[in-house]
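In this chain, numbering begins with 1 at the start of the sequence shown.
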Amino acid sequence: MTLHVAIEKLLKEKGHSMTTSEIADELNRNNWYQKKDGSAITPFQIHGRTRTYSEMFDRDGSTVSLRKQPNLD
């Protein structure tokens, strides 16, 4: 699983916005994403990935939420 998919899954499961620190802490606990070098995920990595995937995530300072997806019906 990629980092941005793990973030998306976590936010969907929790059902609310989370800070980059909360996301990093939770992903380090649940092991949905692991870095190749085995080091811990940092809030800065969450910041960078959510910024890169701005079509998926809304950001307000350090708080991240899922961007609303349009209905495809």
Going by an N to O cut-off under 4.0 Å, is there a salt bridge joining Glu13 and Lys9?
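Result for this pair is no, no salt bridge flagged.
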With [X] via salt bridge (charged side-chain N to carboxylate O under 4.0 Å, His left out) - residues at least two apart:
| X | result |
| --- | --- |
| Glu22 | none |
| Lys36 | none |
| Asp25 | none |

Value rounded to 0.5 Å, distance of CE in Met56 from CD in Glu8
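Taking CE in Met56 and CD in Glu8, the distance rounds to 3.5 Å.
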For the side chain to side chain contact (heavy atoms under 4.5 Å, CB included) test, which of Thr63, Ile41, Ile46 pairs with Thr20?
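Going through Thr63, Ile41, Ile46 one by one, the side chain to side chain contact (heavy atoms under 4.5 Å, CB included) with Thr20 is satisfied by Ile46 alone.
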For a 4.5 angstrom cut-off between non-hydrogen side-chain atoms, does Leu27 reach Leu3?
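They are in contact (side-chain heavy atoms under 4.5 Å apart), so the answer is yes.
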Are side-chain heavy atoms of Arg49 and Phe57 found at a separation under 4.5 Å?
no
Minimum heavy-atom distance between [X] and [Y], given as atom pair plus value:
| X | Y | answer |
| --- | --- | --- |
| Ser65 | Ser17 | CB-OG, 3.1 Å |
| Leu11 | His16 | CD2-O, 3.6 Å |
| Tyr33 | Ala6 | CB-CB, 4.0 Å |
| Arg59 | Arg51 | CD-N, 4.0 Å |

All side-chain contact (heavy atoms from CB on, under 4.5 Å) counterparts of Asp37, not counting sequence neighbours:
Lys35, Ser39
Who passes side-chain contact (heavy atoms from CB on, under 4.5 Å) against Phe44, sequence neighbours left out?
Thr42, His47
Pairing residues for Asp60 by the side-chain hydrogen bond (donor to acceptor under 3.5 Å, both in side chains) criterion, not counting sequence neighbours
none
